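Report on the structure given below.
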2 protein chains.
Amino acid sequence: MSDAQHDRDAPETARKVRTMEEFAEVSGISRPTVSKYFHDPDSVRKTTRSKIESALEQYDYRPNIFAMNQNRKATKTIGIVVPYLADPFFAEIVRKIERLCIEAGFWPIVFSAHGERSLENDALATLQSLRPIGALIAPLGRSSDFESVQQFAEEVPTVVFDSNVNVGAAFVGSDNFQSIGLMVDYLCRTGEPPCFFEMPPVNPNANKRRDAYRQAMERLGHQPQVIQVEGSGWEFERIGLEEGMRLISERSLPSDSILCSNDRLAIGLLAAAYQKGLRVGHGPGCALRIAGHDDHPWSRFTCPPLTTVSQDYTAIAERSVEMLFELIAGGAPPARRREVLFDGKLVLRASA
Amino acid sequence: MSDAQHDRDAPETARKVRTMEEFAEVSGISRPTVSKYFHDPDSVRKTTRSKIESALEQYDYRPNIFAMNQNRKATKTIGIVVPYLADPFFAEIVRKIERLCIEAGFWPIVFSAHGERSLENDALATLQSLRPIGALIAPLGRSSDFESVQQFAEEVPTVVFDSNVNVGAAFVGSDNFQSIGLMVDYLCRTGEPPCFFEMPPVNPNANKRRDAYRQAMERLGHQPQVIQVEGSGWEFERIGLEEGMRLISERSLPSDSILCSNDRLAIGLLAAAYQKGLRVGHGPGCALRIAGHDDHPWSRFTCPPLTTVSQDYTAIAERSVEMLFELIAGGAPPARRREVLFDGKLVLRASA
DNA sequence: TTTCTAATTTTACATGGGTCAACTTTCTGA
DNA sequence: TCAGAAAGTTGACCCATGTAAAATTAGAAA
């Protein structure tokens, strides 16, 4: 008793608290209750909670993550897998997702496939052995190992975003048909109907965008013209630049309005136009109009600033996380796969 | 015996192997030896190894990560902490570091502070409770909670890169004095001596670069002129654009040659110049020369392409990892803190 | 073969909490 | 003031693997 009293008055701050057992002792609470507290601070009585929290300030104890997860039926881990973290679209969206997970008391952990199938597989395997309570994944798409992704999604509650492979309990992404339609409309109304500039598709979005372009052009009574340049990998800007230089030199662009499959390709093409001395924009004296898709973080800093159609990053991140939480809370996956598509918004800047 | 024989001939592939115990049984090896195998496949006899590996093919068992780390003195985890993962410099360097760690049989795990002190602290705390065998961290710098970083580095073998706060067993980064000197030399030799464009420094690099600029200018007998614009956060391009627009409007740039503290600021400034109708470059008819620092992945796609000085991403990544491995192997940290600085190389493009 | 050594097996205990059941204490509200 | 409910305590067992010591065995050299 007097010992306890003494401890409260002059805590031995030097003493290191390593285990929950020890921490329970110094805070005067039993270990199971302390365990309960760390699982959910609201599940214990207020007085108990404050006792624990004041002890926490003095001893800065943190439960051992491995021991915690070892035996829990559901961990607090949420896996996030993206195809390419150096792409600012994914960097941004991951940032938002991470924050939302942390706020909800989960522990997000990020993996990037770095554009490679084998690394995507590794990431999924590693993640799976972490026994996450759920996962948010943006698959590589075309180069994904479909079986691996499928198998993963069967084991862990999964929301797929960005790239819609038919896997997992839900998908959240952009409505490419709407957004491309919007842009094609705009470009046709304000100048020459656009051609479509793309590289070999890396994922379903790329395919959908091309199809959406064709469809929109036909709807408006124009002849679609798709230019598919060569190139692979994730260095889209380089492909846009190099192939753009070639096309301009050869004068083989079928229209002076060019709709690019994505902003990064457009950024490369803008650079090509600049280097070839072609003025880009919608004003008089401009030789080319260039538009993109995504509203990448950089696209407002290009020369000229890029006209594009925005993907709603925030909405995609929030809705994805929301659906994952529903999935986690609901227990069983919903009867049929849900798909949420967000509309894009036209972002008019100087390039088209 | 006959049972074992039977198993070898017709393995029950359907049967799920969940624990090492079960796996040891089906592979005909004792559990401790299997454990040893997973710790280091070369530590067991060749015949044993092949037995395990053939069993592995049939049952695809993976040891439970949590249980593995729970009891190991040294985990295989290597923590990577960066200030801002949406910055392509860090995205790239993380990519390289991750790969090197994986190849060496470690398990890299990435955290981003997203530019915020509290998140950096969280990341360090979380990482620490993962008991990593080592860590590679690029601190926020000015907004880092120095004590947290210090305390972290005392507990886990740490190599600091990019931003040199005086913590950890080693530092790997760029020699800002060399690289800025190089650029100032070049700019002075080929045109008007540059002014220096910066924002309030976020880390030691920013300070060193300004000082290096001053020193280089004085060495060459010119008057240094530093323009520090306002702005905070990590949206460097926006700051460069907005403040650039203002400076150009006010005609308050003291020189037509501008050396920016980093490429991202330069990219914003380039956009400002473009929007103000100022031609940037070193040729005739150009009103402004703009140079950056870092050779960011985007800087070759700006209009005009950005003259800059490269940081050797590969060298920094490799050397950091190498030093961490030495640190891990060596046991005790070296007597005195080691610092490795790489030289920058001039990257001449069209902007200056 | 014999012998020696390195590898493996056995056995047993450690790790740091999760979780459960049976009680006991504290709080609430009438 | 007192009953019932809510929360906390105790004690015990579980999880999946690490690790160490002692006993055994396989492989290689002599």
Side-chain angles (χ1 to χ4, degrees), chain A residues 1 4 16-53 55-56 59-77 105 107 126 128-133, chain B residues 1 4 16-53 55-56 59-77 105 107 126 128-133:
Chain A
M1 275 301 149
K16 292 220 171 170
V17 173
R18 304 214 147 282
T19 73
M20 191 178 279
E21 196 80 57
E22 289 173 24
F23 179 74
E25 197 185 339
V26 300
S27 59
I29 305 288
S30 74
R31 187 176 68 75
T33 303
V34 172
S35 169
K36 212 167 160 228
Y37 166 84
F38 280 110
H39 189 57
D40 174 12
D42 284 320
S43 68
V44 303
R45 209 169 8 225
K46 263 184 297 180
T47 55
T48 308
R49 179 171 177 170
S50 60
K51 270 196 222 169
I52 293 179
E53 283 171 352
L56 223 39
Y59 295 93
D60 87 347
Y61 157 79
R62 315 194 89 214
N64 178 307
I65 290 192
F66 300 110
M68 282 184 67
N69 288 308
Q70 155 105 34
N71 211 4
R72 235 210 281 261
K73 75 277 161 217
T75 67
K76 289 276 185 184
T77 307
W107 185 52
T126 302
Q128 195 168 342
S129 66
L130 245 28
R131 295 191 333 198
I133 191 170
Chain B
M1 276 299 152
K16 292 217 172 171
V17 173
R18 303 212 149 283
T19 73
M20 191 179 280
E21 195 80 57
E22 288 173 24
F23 179 75
E25 197 185 337
V26 300
S27 59
I29 305 287
S30 74
R31 188 177 68 75
T33 303
V34 172
S35 170
K36 212 166 160 231
Y37 166 85
F38 281 109
H39 189 59
D40 174 12
D42 283 322
S43 68
V44 303
R45 204 182 292 152
K46 260 184 298 179
T47 55
T48 310
R49 178 171 178 171
S50 61
K51 269 195 223 171
I52 293 179
E53 283 172 352
L56 223 40
Y59 295 92
D60 87 352
Y61 156 80
R62 315 191 89 213
N64 179 307
I65 291 191
F66 300 109
M68 281 181 67
N69 288 307
Q70 156 104 35
N71 214 4
R72 237 211 274 267
K73 48 206 35 211
T75 66
K76 289 276 185 183
T77 307
W107 186 52
T126 301
Q128 197 169 341
S129 67
L130 245 28
R131 295 189 332 191
I133 191 171

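Below, chains carry the letters A, B, ... as their sequence lines are ordered, and counting in each starts from 1. Bear in mind the structure is a predicted one, so any value in this text is a computation, not a measurement. The figures that follow rest on heavy atoms only: side chains count, while hydrogens, waters and symmetry mates do not.
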For nucleotides 9-14 of chain C, print each protein N/O atom paired with a nucleotide N/O atom at under 3.5 Å, atom names and distance only.
unit_1, atom_1, unit_2, atom_2, d
C:dT9, OP2, B:Ser30, N, 3.3
C:dT9, OP2, B:Ser30, OG, 2.8
C:dT9, OP2, B:Thr33, OG1, 2.6
C:dA14, N3, B:Asn71, ND2, 2.9

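- Annotation: the span from B:Arg31 atom CZ to B:Glu25 atom CD amounts to 13.0 Å, rounded to 0.5 Å.
- The minimum heavy-atom distance between A:Tyr37 and A:Arg49, with the atom names listed, is CE1-CG, 3.8 Å.
- Distance, B:Met68 CE to C:dG16 C1': 17 Å, rounded to whole Å.
- Atom CZ of B:Arg18 sits about 14.5 Å away from atom OH of B:Tyr59, to the nearest 0.5 Å.
- Remark on DNA chain D: of its neighbouring residues B:Met20 and A:Thr47, the 5'-side contact belongs to A:Thr47, judged by nearest-heavy-atom nucleotide.
- Rounded to a whole Å, the NZ atom of B:Lys46 is 17 Å from the C1' atom of C:dT8.
- Heavy-atom minimum distance, B:Thr126 versus B:Ser129: O-OG, 2.8 Å.
- A rotation axis mapping the C1' atoms of four pairs onto the next four is fitted at both ends of the helix from C:dT1-D:dA30 to C:dA30-D:dT1 over five pairs, and the angle between these axes is 10° to 10 degrees.
- Close approach of DNA chain D to chain A, defined as any atom under 4.0 Å from a non-hydrogen atom of the protein, starts and stops at D:dA7 to D:dA16.
- Looking only at distances, a side-chain donor or acceptor of A:Ser27 sits under 3.5 Å from a matching main-chain atom of A:Phe23.
- Both B:Arg49 and B:Ala67 lie near DNA chain C, and the one whose nearest nucleotide falls closer to the 5' end is B:Arg49.
- Among the heavy atoms of the strands, none lies under 4.0 Å from A:Phe23.
- In this entry the distance linking CG of A:Asn69 with C1' of C:dG18 reads 11 Å, nearest Å.
- For the residue pair A:Ile133 and A:Thr75, the shortest heavy atom distance occurs at CB-O, 3.3 Å.
- In this structure, the separation between CG on A:Leu56 and OG on A:Ser50 is 12.0 Å, given to the nearest 0.5 Å.
- Note on A:Tyr37: nothing from the nucleic acid sits closer than 4.0 angstrom, heavy atoms only.
- A:Ser43 has its side chain within reach of A:Lys36: a pair of non-hydrogen atoms, C-beta onward, lies under 4.5 Å apart.
- Just one residue in the list A:Lys51, A:His39, A:Glu21, A:Met20 forms a side chain to side chain contact (heavy atoms under 4.5 Å, CB included) with A:Val34, and that residue is A:Met20.
- Between A:Arg45 and A:Ser35, the residue whose closest nucleotide on DNA chain C is further toward the 5' end is A:Ser35.
- Summarising the geometry, atom CG belonging to A:Asn64 is positioned 10.0 Å from atom OG1 belonging to A:Thr19; distances are rounded to the nearest 0.5 Å.
- A side-chain donor-acceptor contact under 3.5 Å links B:Arg131 to the backbone of B:Asn69.
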